[in-house]
Number of protein chains: 2
Amino acid sequence: MSCKHHHNCEKAAKLTAEQLCETYGFRFTESRKQVFEALISSHKALTAKELMVQIGNNQPPITYRALEFLTEAGLVHFISSINAYIACAHAEDEGHISQFLICKECHEVEEFQAPDAVCLLMQSAKNGNFQVSDTSIEMLGVCSECQN
Amino acid sequence: MSCKHHHNCEKAAKLTAEQLCETYGFRFTESRKQVFEALISSHKALTAKELMVQIGNNQPPITYRALEFLTEAGLVHFISSINAYIACAHAEDEGHISQFLICKECHEVEEFQAPDAVCLLMQSAKNGNFQVSDTSIEMLGVCSECQN
DNA sequence: ATCTTACTGTTAATCTATAACATTCGCAAA
DNA sequence: TTTGCGAATGTTATAGATTAACAGTAAGAT
Ligand SMILES: [Zn+2]
Ligand SMILES: [Zn+2]
Ligand SMILES: [Zn+2]
Ligand SMILES: [Zn+2]
């Protein structure tokens, strides 16, 4: 599978993940690895259920725990508008804001960055004296592939 | 309750709602009215369950149907990051993009507009040849009231 | 009057996520 | 080595959110 969507793909990302875990004293265990690999090897966003099917696990807590861990570690993002998870494409950039283009045909998801837009949004919030802790930008539509 | 957050509040909004329904040949029925009024009279975002409690209805389909109708009519927005619904503050501006400041303390939600930021985001999508049909911007944080 | 479509009432099912608790694992201090 | 501790897992069951299905009613058009 090609990798136009990830800055550092699969192997590199796994390395980043392992290092990140070690840095903070956590373990990149088997179940976490399984979930992460399932996500990084698919550029699509996967629901918890789809993940469970893919890694052959029908015990929800195991998958949900791995997802919670990976999400908190910043290795995976949760896309609330479609209730699905995706491996982060910029994990090395810690604490960055999540911005997604989500194709409703093929479910492929591209994580992109538009710092200038984010800046304007932050400005808006600041004008309202609102202290932002978490921002999510989710754009649903049809990707270039699926427009044909 | 004061109305710093709505451009046209309660009565006016209800009127807009009724007109909008009539225009498209739909009815502003009792259950829809109940749900809409519960939302418009609270500036907070309410979950489906909270709504059901508030309008004294424990038959999910009724509430969910009303919510689906109101959402499709553009009178109510669904805020996916917190699984809650809020009455739209700009219903007269049809098809506008949803942007929210969501206070995680008091759960009050402000719908705001930042057209220049949206413009930049659209540009980003366009550069990737991505055809956007629906955009949601959700900023979680602490409102000015709750910072004290 | 009857036809059609929108809308409601009700029951039950499905999908999604978490609680609770016992067990094991990895690691470090005694 | 062994003891102790927190992190992580295994397992069962439950809670919570949303929808399917189908029968029935209401309102406007012809
Ligand atoms: Zn990311
Ligand atoms: Zn696509
Ligand atoms: Zn709105
Ligand atoms: Zn607040």
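Note: hydrogens, waters and symmetry copies are ignored here, and every other heavy atom, side chains too, is used. No experiment lies behind these values; they were computed from the predicted model shown.
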Phosphate-side-chain proximity, B/T29 and C/dT8, N/O vs OP1/OP2 below 4.0 Å | yes

For B/R32 and C/dC7, is the shortest distance between a side-chain N/O and OP1 or OP2 below 4.0 Å?
-> yes

Between D/dT12 (P) and A/N58 (CG): distance, integer Å = 11 Å

Quick one: which of C/dC15, D/dA27, C/dA20 gets closest to the side chain of B/R27?
-> D/dA27

Walking DNA chain D from its 5' end, the first of B/M52 and B/R65 to be reached, judged by nearest nucleotide, is B/M52

Do the side chains of B/V132 and A/L121 join up, straight or via other hydrophobic residues, at under 4.5 Å, putting them in one cluster?
-> yes

Nearest atoms (heavy-atom pairs only) where B/A38 meets B/L46 = O-CD1, 4.0 Å

To the nearest Å, how far apart are A/L67 CG and D/dA8 C1'?
-> 15 Å

Rounded distance (Å) that lies between atom C1' of C/dC25 and atom CZ of A/F26 = 16 Å

Using a cut-off of strictly less than 4.0 Å, decide whether A/Y64 has a side-chain nitrogen or oxygen near OP1 or OP2 of C/dA17.
-> yes

Please state how far atom CD in A/E72 lies from atom C1' in D/dA8, giving the value in whole angstrom units.
-> 14 Å

A/Q59 side chain N/O closer than 4.0 Å to the phosphate oxygens (OP1, OP2) of D/dT11?
-> yes

In whole angstroms, the gap separating P of D/dA27 from CD of B/E30 amounts to 12 Å

Does the ring centre of B/H77 sit less than 6.0 Å away from the ring centre of B/H90?
-> no

Would you mind telling me which of D/dA17, D/dA20, C/dT8 lies closest to the side-chain atoms of B/P61?
-> D/dA20

In whole angstrom, give the distance that lies between atom CZ of A/F69 and atom P of D/dA8.
-> 6 Å

Does A/N57 place a side-chain N or O at less than 4.0 Å from the phosphate oxygens OP1/OP2 of D/dG10?
-> no

For C/dT8, does OP1 or OP2 lie under 4.0 Å from any side-chain N or O of B/S31?
-> yes

Integer-rounded Å distance: D/dA17 P and B/I62 CD1 = 18 Å

Any B/N83 side-chain nitrogen or oxygen under 4.0 Å from OP1 or OP2 of D/dT18 | yes

The single option from A/F36, A/F69, A/F78 that satisfies ring pair (Phe, Tyr, Trp, His ring centres under 6.0 Å) with A/Y85 is A/F78

Distance in angstrom units between B/K33 NZ and C/dC7 P, rounded | 14 Å

Decide side-chain hydrogen bond (donor to acceptor under 3.5 Å, both in side chains) for A/H107 and A/E50; before the verdict, give the C-alpha distance in whole Å, the side-chain angles of both, and the deciding distance to 0.1 Å.
-> CA-CA 12 Å; A/H107 301 123; A/E50 288 168 335; 5.9 Å; no

